[in-house]
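Report on the structure given below.
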Amino acid sequence: MSDSDRIEAGHPFKAGLLLHLKPGWHTYWKNPGDAGEPVNLTVTLSGNLSGKADAIEWPAPERLPEGPLMSYGYTGDVLLPVTVTPQAADAQGRSVTISAHADWLVCAAVCVPEQADFHLDLPIGPATPSAQAPLFRRAAEQQPRSSPFQTTVTPDGLLTVQGNGFSSQAVKQAWVIPDVAGRIDQVAPQPLTVDQDRMTLRLKPEEGFAEGKSFTGLLELRDAANERSVLSFSATPVAVTVNPVPETGWPALVAFAFLGGLILNLMPCVFPVLAMKALAILRLHEDRKHFQSGLAYTAGVLAMFGLLGAVMLVVRHAGLSAGWGFQFQSPVFVAAICWFLFAVGLGQLGAFELPVISAGQSILTRHRGLPGDFLTGLLAVLVATPCTAPFMGAAIAGALAAPSLAALGIFLAMGLGLASPYLALTLVPNAGRFLPRPGRWMDIFRQILAFPIFATCIWLVWVLAQQGGGTPVAIGCAGLLALGFSGWLMTLSRTISSRRSRLVMLASILAALSPFALLPLLSSSSETPAHSSDADAGAGTVFSPARLAALRQDGKPVFVDMTAAWCITCLVNDHVALESSVVQKAFVEHGIVFMKGDWTSRDADITTFLREHGRDGVPLYVYYPPHAEGRILPQVLTPDMVVRAIEQN
């Protein structure tokens with residue numbers, strides 16, 4: 001059929017093949033997928049005008065899962081148009097013959113190849129729309145629109161689309177349909193991550209996914225109302241700009257994980273739990289069941305490492321971005337752990353003896369038993385995970401790329417490394433003989449150790465300020481006030497009659513539980529990160545991939561600092577190394593642009609940058625010399641390390 005009743009030399013017109021497919025049957029797109037054959041249509045003119053058709057102008061196809069295979073094609077009625085440009089052959093002629101040959105494959109339970117030849121005679125004259133012209137207009141509306149968004153793809157299959165309009169409501173589902181088969185695994189899930197003005201899809205490359213080659217296809221999007229839109233795109237390949245992470249076998253990753261967990265005991269991140277470990281060691285003098293205590297503590301550490309690893313794997317499989325220490329990106333978690341530690345500190349001072357606080361109190365009191373050792377391990381991991389130690393980065397990256405069981409094994413090896421020093425100490429016979437004799441001083445020491453815990457609470461309130469400003473801080477402090485009031489009521493209940501004591505104790509329990517009623521308010525008040533301008537980066541520049549690429553293209557040296565307010569190691573490195581006069585002088589002398597990425601709240605650009613550099617947590621320091629690949633610096637910095645890295649250029 002044609003969209004015109006007359007044909008005129010030099011004036012293009014549309015011809016097309018209209019297929020009426022019975023219910024349950026389908027035919028195929030230009031990339032049929034894992035099975036099938038595309039429709040082939042050849043159109044020529046003969047007689048008094050000559051001409052040949054362009055390629056089929058394919059409407060957007062449907063995804064057609066077929067068991068373990070994925071196909072792309074059409075069901076129902078589909079018009080496949082082509083554009084024909086006639087050229088004069090015989091000026092005296094008055095008609096032209098349109099000839100078309102088509103072959104196609106239709107499938108249901110079985111597949112049937114079909115072919116046909118068609119002929120249509122039309123007069124020569126000024127073009128006028130035919131009765132079928134509305135069908136061609138509808139087919140044009142069904143064709144994919146060219147994507148207005150910037151699209152890139154990494155060698156490991158991370159497709160990134162950036163532009164105005166992306167949000168969790170605008171894009172609920174997304175799928176890539178490649179133009180050519182063999183580039184990606186077409187059946188594999190394509191996890192989606194959507195942030196403001198940005199979305200990513202994780203594709204699974206196959207052999208045809210050559211590094212450095214452009215990747216073209218269709219992007220199928222569905223919004224919250226399930227409305228479908230299809231965009232055609234051409235993704236620009238983006239190479240990793242640092243030395244690639246070498247492929248590491250599973251045994252080596254386990255060894256790295258163990259060493260990373262072991263070194264984590266020496267990292268500043270673990271300072272908040274030093275009080276717990278100090279009292280645990282002192283108990284070796286009076287507790288004959290040393291080894292059982294060590295096993296319970298180790299079991300708590302392993303349980304929490306396994307849980308965090310499992311949650312990270314589930315979140316990643318769902319297409320969301322999550323890295324090591326991801327729980328501290330939630331103001332709700334930060335406030336909850338702050339309140340819990342504050343209650344533990346009050347227990348250290350003897351304010352709490354309530355069942356509702358017994359879990360926290362038992363962690364740090366002398367009469368705690370094996371459940372307290374287990375809870376000590378749980379809390380130690382929760383508080384100690386904001387930062388990564390040396391060797392942990394490669395281990396975590398390898399774990400997230402490994403099969404689930406192997407990944408959990410790597411996380412458990414990390415936990416074993418963290419727990420091993422205390423476990424080893426419990427194995428030493430009569431270890432308590434080398435410690436001071438118990439006495440009144442232990443009660444005083446226990447109370448003194450409450451104040452490092454309170455200092456940790458101050459730090460966590462500061463983290464809340466970085467995440468959302470004044471409102472989260474006010475909510476967090478309100479929870480601390482309620483817990484302090486609960487402790488005072490508990491102390492008061494000990495000095496009054498038993499009948500009134502029960503009422504006061506009930507009020508104390510309600511006051512202790514009341515902060516958790518504030519968590520929904522905290523969640524809704526902290527959706528927007530506090531940092532958004534260059535001023536927030538201190539003396540540096542706020543990180544963005546586009547700005548980094550522009551600076552490197554201009555040949556300027558760049559030092560990238562990936563940090564977070566909840567990462568104590570990051571803060572120590574900033575104070576000791578990056579803010580030192582020696583390093584600042586070197587930055588000025590070499591004209592280095594200092595670029596800071598704040599991962600305190602969730603940021604997809606930073607998450608992508610970390611993954612591209614083989615990391616899943618902060619800190620990460622990368623120095624880019626002019627027109628050279630980036631160099632990753634150690635996770636624990638000194639001024640000399642930074643200066644040497646700069647002067648090696």
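For reference, positions follow the sequence shown, starting with 1.
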Under 3.5 Å donor-acceptor, E629 side chain and Y624 backbone: no

Donor-acceptor pair, side chain of R631 and main chain of A645, under 3.5 angstrom: yes

Using a 4.5 Å cut-off on heavy atoms from C-beta on, say whether the side chain of [Y] contacts that of [X].
X: F233; Y: V161; result: no
X: T607; Y: W599; result: yes
X: I184; Y: K204; result: no
X: V301; Y: Y297; result: yes
X: L159; Y: T151; result: yes
X: N573; Y: T563; result: no
X: L221; Y: M199; result: yes
X: L219; Y: L201; result: yes

If you measure from [atom1] on [X] to [atom2] on [Y], what distance do you get to the nearest 0.5 Å?
X: H613; Y: L620; atom1: NE2; atom2: CG; answer: 6.5 Å
X: R202; Y: T160; atom1: CZ; atom2: OG1; answer: 8.5 Å
X: Y623; Y: F559; atom1: OH; atom2: CZ; answer: 9.5 Å
X: Q190; Y: Q173; atom1: CD; atom2: CD; answer: 12.0 Å
X: D561; Y: D598; atom1: CG; atom2: CG; answer: 9.5 Å
X: D179; Y: T216; atom1: CG; atom2: OG1; answer: 3.5 Å

Where is the tightest heavy-atom contact between [X] and [Y], given as atom of each residue plus distance?
X: L408; Y: A310; value: CD2-N, 3.9 Å
X: L302; Y: L412; value: CD2-O, 3.2 Å
X: L262; Y: P421; value: CD1-CG, 3.8 Å
X: F149; Y: Q162; value: CB-O, 3.4 Å
X: A586; Y: V643; value: CB-CG2, 4.3 Å
X: L480; Y: C338; value: CD2-SG, 4.0 Å

Heavy atoms of other groups near E589 CD, more than 12 under 6.0 Å: yes

Qualifying residue, where the test is side chain to side chain contact (heavy atoms under 4.5 Å, CB included) with F258 and the options are L416, L418, I410: L416

Residue from T236, V180, V176 passing side chain to side chain contact (heavy atoms under 4.5 Å, CB included) with F215: V176

Check against side-chain contact (heavy atoms from CB on, under 4.5 Å), V588 and K585: CA-CA 5 Å; V588 173; K585 181 181 178 181; 5.8 Å; no

side-chain contact (heavy atoms from CB on, under 4.5 Å) assessment of L548 paired with F609: CA-CA 11 Å; L548 174 61; F609 185 86; 3.8 Å; yes

